[in-house]
Amino acid sequence: MVAHVHEGAGETRDYAIRLKRCTTDSGNLKVLLVAAEWDAIRLKRRGRNLSISESLCATLALIVTMFHDSYWLHDKEDLETAAKTVRETENCRELHFAVASNESSPDSTS
């Protein structure tokens with residue numbers, strides 16, 4: 001995840017070049033990549049394609065990725081998307097524990 005967000009691993013060469021420039025554009029791109037990673041974790045968890053331990057580990061990996069280089073958080077062009085992503089990861093317990101309690105309830109059929 002760190003390599004994906006900070007170096008563009010798994011993305012086109014153009015993304016990797018843009019990320020290395022350390023410009024406002026690279027900050028905007030990192031905001032989009034972090035938001036996409038978070039969306040993927042949430043969608044997989046809600047679809048029950050990730051166990052609670054897998055989604056917790058993925059969320060922690062995303063938080064470490066965000067901590068590793070937080071310069072993108074200071075980008076002013078897309079501040080709302082950055083702020084929204086940080087707020088959502090701060091509230092990640094809702095994702096893990098709400099879904100987990102539904103999985104362990106006697107009513108759940110999966």
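Residue numbers count from 1 along this sequence. Fair warning: this is a prediction, and the values are worked out from it, not measured in the lab.
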Cys57 side, atom SG; Leu62 side, atom CG - distance, nearest 0.5 Å: 13.0 Å
Give, for atom NE2 of His6 and atom NZ of Lys20, the distance between the pair rounded to the nearest 0.5 Å. 14.0 Å
The criterion is side-chain contact (heavy atoms from CB on, under 4.5 Å); which residues satisfy it with Glu7, sequence neighbours excluded? Ala3
Give me the atom names and distance for the closest heavy-atom approach of Ser26 to Arg18. CB-O, 3.0 Å
Here the gap from Glu37 atom CD to Lys30 atom NZ, rounded to the nearest 0.5 Å, amounts to 13.5 Å
Rounded to the nearest 0.5 angstrom, the CG-CG distance for Asp39 and Leu32 is 10.5 Å
Closest non-hydrogen atom pair between Leu19 and Val5, with its separation: CD1-O, 3.6 Å
From CD (Glu11) to CG (Leu33), nearest 0.5 Å: 5.5 Å
Nearest heavy atoms of Glu54 and Asn49, plus distance in Å: OE1-O, 4.2 Å
CG/Leu29 to OG1/Thr24 distance, rounded to the nearest 0.5 angstrom? 12.5 Å
